[in-house]
There are 2 protein chains.
Amino acid sequence: MNKKINNFEKQLKDNNLKLTGQRKIILNLFEENSDKHLNAVEIQKAALQQGNRIGTATVYRTLDLLEKLGFVSKINLDDSYIRYQFVDTKEEHEHHHLICERCGKVIDMQDDLLDSLEKQVHDKYGFNVTNHKVRIYGVCKECLSK
Amino acid sequence: MNKKINNFEKQLKDNNLKLTGQRKIILNLFEENSDKHLNAVEIQKAALQQGNRIGTATVYRTLDLLEKLGFVSKINLDDSYIRYQFVDTKEEHEHHHLICERCGKVIDMQDDLLDSLEKQVHDKYGFNVTNHKVRIYGVCKECLSK
DNA sequence: CTGGGTGCAAAAGGTTTGCAACACT
DNA sequence: AGTGTTGCAAACCTTTTGCACCCAG
């Protein structure tokens with residue numbers, strides 16, 4: 001229970017940083033919305049709905065911090081926002097996203113389907129792969145059945 | 001020679017649009033820089049270097065237009081710009097990008113390595129794939145050999 | 001107590017929009 | 001001639017920064 005907060009507290013201490021109320025709130029929001037892909041504005045609104053007013057600059061600075069500490073990762077859905085998503089520490093690479101072109105839903109895809117691709121890219125381009133970001137567009141199951 | 005401009009002219013006519021000097025200049029810039037991934041500011045500067053002053057709004061509106069007509073496609077390299085690249089009409093999907101984390105170079109990758117992936121995604125998520133965007137991060141051949 | 005953190009408001013950076021003048025067709 | 005297009009400047013939207021005040025350790 002709240003292992004993430006404890007881990008967070010430890011990492012902050014290790015870096016001479018402080019566990020503030022605002023940082024707790026934002027980390028908790030990510031925990032509660034681990035299926036979503038939040039941007040700064042959405043975080044601020046969500047906090048406000050819980051009765052917690054957090055300044056805009058603080059939200060942006062906290063997002064930077066959480067990313068640097070590896071608790072969230074940036075994702076880009078081409079909508080002019082920088083979005084963030086809770087990181088599952090078990091994942092080796094970032095996971096990927098299926099984006100439905102009808103309803104806009106974004107489905108997380110855990111599979112690491114690109115292992116074979118890395119070898120091909122290395123052989124053909126002499127390129128040493130460290131990570132990859134994949135967005136797959138199409139129509140989701142629900143929209144297909146309508 | 002200049003098949004692209006002729007095709008462009010035809011498509012514009014079909015849509016009751018006009019072939020203006022600015023549009024020609026911008027399309028030519030894409031042709032001359034088909035290996036690059038230009039943003040609006042870069043286009044404007046490149047035009048100016050050729051002695052062609054084009055207004056900012058015109059650049060943005062022309063990029064929208066070229067994208068809608070299918071001559072260029074948006075690509076996102078996570079650098080806060082909307083970038084565009086000349087579309088090779090022979091390609092079925094957009095092509096993908098290898099991004100070197102040392103020198104920043106972006107290499108185009110024509111291979112459609114993800115055909116098998118589409119089937120897997122369909123079987124597992126009931127998701128009907130229409131397109132995919134892949135960015136692969138790592139270290140390029142030149143940087144590796146240094 | 002003291003250095004890191006917060007909130008405000010201003011600035012920055014990229015893109016979009018309104019409008020009068022302009023130029024393809 | 002007439003409609004689409006341009007350029008300017010202002011507006012917009014998201015993110016960043018400076019600074020005085022605040023609070024966790």
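We name chains A, B, ... by the order of the sequence lines, and we start the count at 1 in each one.
Side-chain polar atoms of A:Ser73 and A:Glu67 form no donor-acceptor pair below 3.5 angstrom. In this structure, a donor-acceptor pair under 3.5 Å is present between the side chains of B:His37 and B:Asp108. Side chains of B:Gln49 and B:Gln44: a donor-acceptor N/O pair is absent below 3.5 angstrom, by distance only.
At distances below 3.5 Å, at least one donor-acceptor pair connects side-chain atoms of A:Asn33 with backbone N or O atoms of A:Leu29. Here the side chain of B:Thr58 pairs no donor or acceptor atom with the backbone of B:Ile54 at under 3.5 angstrom. Counting only distance, with no hydrogens or angles, the side chain of A:Thr62 and the backbone of A:Arg23 share no donor-acceptor pair below 3.5 Å.
Atom C1' of nucleotide C:dT25 and atom CG of B:Leu19 are separated by 11 Å, given to the nearest angstrom. When rounded to the nearest whole Å, the span between NZ of A:Lys24 and C1' of C:dG5 equals 14 Å. Atom NZ in B:Lys74 sits about 16 Å away from atom P in C:dG14, given to the nearest Å. C:dG5 atom P lies 19 Å from atom CG of A:Asn52, rounded to whole Å. Across the protein-nucleic acid pair, A:Ile82 atom CD1 and C:dG14 atom P stand 12 Å apart, rounded to whole Å. Rounded to whole Å, the distance from CG on B:Asn39 to P on C:dG13 is 14 Å. Residue A:Leu63 contributes atom CG, which lies 12 Å from atom P of C:dT6 at whole-angstrom precision. Computed from coordinates, the A:Tyr60 OH to C:dA9 C1' distance equals 15 Å when rounded to whole Å.
Among the protein residues, A:Asn16 comes within range of the sugar-phosphate backbone only, with heavy atoms under 4.0 Å from sugar or phosphate atoms but none that close to a base.
Rounded to 10 degrees, the angle separating the terminal helix axes of the helix from C:dC1-D:dG25 to C:dT25-D:dA1, each built from five base pairs, is 30°.
Of the listed nucleotides (C:dA9, C:dG5, C:dT15), C:dG5 has the atom at the smallest distance from the side chain of A:Leu17. The nucleotide whose nearest atom lies closest to any side-chain atom of A:Arg61 is, among C:dG18, C:dT6, C:dG14, C:dT6.
Residue A:Thr20 has no polar side-chain atom (N or O) positioned under 4.0 Å from OP1 or OP2 of C:dG4. For the pair A:Thr58 and C:dG7, the criterion of a side-chain N or O lying under 4.0 Å from OP1 or OP2 is met.
Where DNA chain D meets chain B (any atom under 4.0 Å from a heavy atom), the bounding nucleotides read 5' to 3' are D:dG2 to D:dC8.
Salt-bridge annotation for A:Asp14 and A:Lys10: present, with a side-chain N of the basic residue lying under 4.0 Å from a carboxylate O of the acidic one. Under 4.0 Å is where a charged nitrogen must lie from a carboxylate oxygen, and between A:Arg83 and A:Glu42 at least one such pair does. The residues A:Glu142 and A:Lys105 are annotated as salt-bridged, a charged nitrogen and a carboxylate oxygen being separated by less than 4.0 angstrom.
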Stepwise side chain to side chain contact (heavy atoms under 4.5 Å, CB included) test for A:Met109 and B:Val121: CA-CA 9 Å; A:Met109 198 176 82; B:Val121 168; 3.9 Å; yes
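When each of B:Ala57 and B:Gln22 is assigned the nucleotide of DNA chain C with its nearest heavy atom, B:Ala57 is the one assigned upstream, toward the 5' end. Residue order along DNA chain C, read from the 5' end via each residue's closest nucleotide, puts A:Leu65 first among A:Leu65 and B:Gly21.
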